[in-house]
Number of protein chains: 2
Amino acid sequence: MASSAVPDIVIGRLPVYLRALNYMAEAGQEITSSHELGQKLGISSAQIRKDLSHFGEFGKQGTGYRISHLQEQLKRILKVDREWEVALVGIGDLGHAVARYNGFKNRGFRISMLFDSDPSKIGTRIDELEILDAVKLKEQLRARNIQVVMIAVPAAHAQQVADDCIEAGVHAILNYAPITLTVPPGIKAQHLDPVVYLQRMSYYL
Amino acid sequence: MASSAVPDIVIGRLPVYLRALNYMAEAGQEITSSHELGQKLGISSAQIRKDLSHFGEFGKQGTGYRISHLQEQLKRILKVDREWEVALVGIGDLGHAVARYNGFKNRGFRISMLFDSDPSKIGTRIDELEILDAVKLKEQLRARNIQVVMIAVPAAHAQQVADDCIEAGVHAILNYAPITLTVPPGIKAQHLDPVVYLQRMSYYL
DNA sequence: TAGATTGTTAATCGATTAACAATC
DNA sequence: TAGATTGTTAATCGATTAACAATC
């Protein structure tokens, strides 16, 4: 019984549904249907209804879904009806851009700690947030009870950083380094190597 | 017969295999097995062998795979045994970091054009590469016969940029903007919204 | 009411895994 | 040879889709 009742692949689609609902809501739209949502996302309406049915009944026959209600429900299901404090390790060009990225706002996450090992960076600030010494990573993560970390260090150091984070109680790691992290059961890791995504497309060129 | 003989999901794993092989090769390793590779990636050895079997026989019974040979074959299959010229549209913080990212090297891609619409950026350079006026996007892409584009503009503009790129002959789009792009059949798009990946993990927290 | 859309079932489709003969 | 690992088959497992009763 290590596996959850709801398939991973279903969970993986929920954030995409939520994002699309956010745009509809911003545009002032109040109601949508599985058919409309599916068209926008390139997914069948049956799949959307099936996915949602794992969690309850959120729509109304003949009408569809009230967008604000479905947003709330998806946020609750995904546990982003709160704000998770996120630590970012590695403040190179990419880490810097991630630290300044304002796309986390209102989507469940807030970068609240920055770490680097470069003495010329330690103590400086990005938008008021101080860059801390990576030597103190473990104790600081523990002290703040951080559960979510983003890693933007060079590939050669990413596994060690991940290991330290996990030791400090982190349960979710978003890894920008181009290497597959090995993590123990119960710990989640996601990988964001742009070249992997490019190569998935070049096959078809 | 719109679907290819090899499932998308298989193609999607090949870049991950290739990346792992690259690291093994860098470390001086010459031979690996489906079992070893599977352990490193958290994938069953049977799946790796099955995936590779779509394309030929690359191993030797009793021994495993010669890493250099498998690298070459995967590069050929993924069409990254060459260097694709990539245009990057949107040079904000994130685009700037992507432009300076050196992880594309030797993996099949090279950023060769930069575009932005901000007059204060147009004409300036990032590592020798000039930022061009986004107004000329379509004609410039056509002139250089660009097939691959990365989009790092605000979400509100991403679909329009994608439409323009496709009109100019682009077939593969890597989208950093937090919005699902709608693209016609035959055009590939991949999405890199970090929040989607964070939300896929927060469900399990 | 008539039309539309949900939630759900059952059937189809496709992917993963276990097992093993082949063979290095 | 003995041990190891591939490539492949068949079975299992899981995901997607089509269809429709329920109902707004």
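So you know, we letter chains A, B, ... as the sequences are listed, proteins then strands, and number each from 1.
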>> Measuring to OP1 and OP2 of D:dT5, would you say a side-chain N or O of B:S34 lies under 4.0 angstrom away?
In response: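 Result: no.
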> Counting only Watson-Crick or G-U wobble pairs whose two distances fall under 3.5 Å, which nucleotide matches D:dT9?
Replying inline: C:dA18
>> Could you identify the nucleotide paired to C:dA4, looking across every strand shown and requiring Watson-Crick or G-U wobble geometry with both distances under 3.5 Å?
In response: D:dT23
[X] [atom1] to [N] [atom2], straight-line distance once rounded to whole Å:
X: A:Q47; N: D:dT17; atom1: CD; atom2: C1'; result: 9 Å
X: A:I48; N: C:dT6; atom1: CD1; atom2: P; result: 9 Å
X: B:H54; N: D:dT6; atom1: NE2; atom2: C1'; result: 16 Å
X: A:K50; N: D:dA19; atom1: NZ; atom2: C1'; result: 14 Å
X: B:E36; N: D:dT5; atom1: CD; atom2: P; result: 10 Å
X: B:Q39; N: D:dT5; atom1: CD; atom2: P; result: 12 Å
X: B:R66; N: D:dT5; atom1: CZ; atom2: C1'; result: 16 Å
X: A:Y65; N: D:dC24; atom1: OH; atom2: C1'; result: 13 Å

> Any side-chain donor-acceptor pair under 3.5 Å between B:Q71 and B:N22?
Replying inline: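 Distance-only check passes for B:Q71 and B:N22.
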>> Quick check on DNA chain D: between A:G62 and A:S44, whose nearest nucleotide comes earlier from the 5' end?
In response: A:S44
> A:A46 or A:T63: which one's nearest nucleotide on DNA chain D is closer to the 5' end?
Replying inline: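 Of the two residues, A:A46 wins.
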>> In the structure I gave you, are the side-chain heavy atoms of A:V86 and A:M113 within less than 4.5 Å of one another anywhere?
In response: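 They are not in contact (no side-chain heavy atoms under 4.5 Å apart), so the answer is no.
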> Within a strict 4.5 Å, meaning less than it, do heavy atoms of the A:T180 and B:K40 side chains meet?
Replying inline: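 A:T180 does not reach B:K40 side chain to side chain.
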> Is it true that B:R107 and A:D193 make a salt bridge, defined as a side-chain N closer than 4.0 Å to a carboxylate O?
Replying inline: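 Yes, this pair counts.
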